[in-house]
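It should be emphasised that the depicted structure is a prediction, and the values quoted were computed from it without experimental measurement.
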Amino acid sequence: VYVASKKESVAFEKIGDYFGKHFGSIYELTGKAGHTPSGPTVGVFYSWDTTSKKAEMQAGVPVTANGEIKIKGYEKLEIPASKALMIEYYGAYDKSEHAHMAMDEYMAEKGLTQKLVLEEYVTDPMVEKDTAKWLTKIYYILN
């Protein structure tokens with residue numbers, strides 16, 4: 001269960017700004033609403049269009065929440081238990097494309113398709129400055 005931004009189409013070069021805008025706001029508003037964050041921030045990607053250079057996506061924070069989440073400008077996002085593939089990627093966010101390409105190749109080889117991709121940003125870049133130590137868990141939620 002996540003408190004998440006509304007699903008939006010975001011230009012690739014604006015994704016960092018999009019996360020910057022929403023992650024801080026979600027943490028602040030979630031706390032005020034009495035919900036407890038239960039893990040790292042996530043980017044939820046529904047599409048990645050290299051022609052238009054836009055992603056349909058959401059920014060989210062997992063919470064321990066039963067019942068309704070009513071936070072102005074945000075919504076409750078539930079991702080049910082699903083089969084998934086995961087890569088632990090270490091490095092700068094702008095280099096994660098190589099991990100995604102490897103996953104795409106593996107999925108094509110196995111005849112798999114995904115519903116969505118979830119990137120879990122485990123390492124806080126405000127605390128750890130060495131990008132080689134940044135851990136992103138990349139989940140491909142399968143159809």
Should Y89 and V117 be counted in the same cluster of Ile, Leu, Val, Met, Phe, Trp and Tyr side chains packed under 4.5 Å apart? yes
Return the minimal non-hydrogen interatomic distance between P40 and P62, and the atom names on each side. O-CD, 3.0 Å
May I have the step-by-step check of side-chain contact (heavy atoms from CB on, under 4.5 Å) for Q58 and E75, ending in yes or no? CA-CA 10 Å; Q58 292 178 278; E75 64 186 28; 2.9 Å; yes
Cluster check I26, Y2: I/L/V/M/F/W/Y, side chain < 4.5 angstrom: no
Ring centroid separation for Y93 and W134, is it under 6.0 angstrom? yes
Under the criterion side-chain contact (heavy atoms from CB on, under 4.5 Å), I'd like the reasoning laid out for T123 against Y90: C-alpha separation, chi angles, the key distance, then a yes or no. CA-CA 9 Å; T123 307; Y90 285 89; 5.8 Å; no
Salt-bridge contact K76-E78 (side-chain N to carboxylate O under 4.0 Å): yes
Between K54 and A11, the two heavy atoms sitting closest are CG-CA, 3.9 Å
Tell me whether Y106 at atom OH has more than 12 heavy atoms from other residues, nucleotides or ligands lying less than 6.0 Å away. no
Any donor-acceptor pair under 3.5 Å linking the side chain of S82 with the backbone of P80? yes
Approximate separation, where rounding is to 0.5 Å, of S9 OG and Y18 OH: 10.0 Å
Straight-line distance of N143 CG to T113 OG1, nearest 0.5 Å: 3.5 Å
Between E105 and H100, does any side-chain donor sit less than 3.5 Å from a side-chain acceptor? no
Measuring from I15:CD1 to D17:CG, what's the distance to the nearest 0.5 Å? 10.5 Å
Within the structure provided, determine whether Y27 and V61 are in side-chain contact (heavy-atom separation under 4.5 Å). yes
Step by step, work out the side-chain contact (heavy atoms from CB on, under 4.5 Å) result for L29 and Y74. CA-CA 9 Å; L29 295 172; Y74 294 95; 3.8 Å; yes
Enclosure of K129 NZ (heavy-atom neighbours >12, cutoff 6.0 Å): yes
Student check: side-chain heavy atoms of M107 and L85 closer than 4.5 Å: yes
From I71 CD1 over to T30 OG1, what is the distance, rounded to the nearest 0.5 angstrom? 4.0 Å
I138 side chain near M86 side chain, heavy-atom distance below 4.5 Å: no
Exam field: side chain S5 to backbone A59, donor-acceptor pair closer than 3.5 Å: yes
ILVMFWY cluster, Y139 and L116 together (side-chain gap under 4.5 Å): yes
Cation-aromatic face contact K7/Y46, 6.0 Å, 45 degrees: yes
Out of L118, V42, V122, which residue meets the side-chain contact (heavy atoms from CB on, under 4.5 Å) rule with K137? V122
To the nearest 0.5 Å, atom CZ of F19 lies from atom CE of M57 at 3.5 Å
V1 side chain near I69 side chain, heavy-atom distance below 4.5 Å: yes
Rounded to the nearest 0.5 Å, what separation is found between the NE2 atom of H98 and the CD1 atom of I87? 12.5 Å
Verify same cluster id: V3, Y121 (apolar side-chain graph, 4.5 Å): no
Report the C-alpha distance between K14 and K21 in whole Å, list the side-chain angles of each, state the deciding distance to 0.1 Å, and finish with yes or no for side-chain contact (heavy atoms from CB on, under 4.5 Å). CA-CA 11 Å; K14 299 285 186 186; K21 171 185 172 186; over 6 Å; no
Heavy-atom pair with the smallest gap, counting every atom of I141 and A84: CD1-CB, 3.9 Å
Using side-chain heavy atoms (C-beta onward) and a distance below 4.5 Å, is E88 in contact with L135? yes
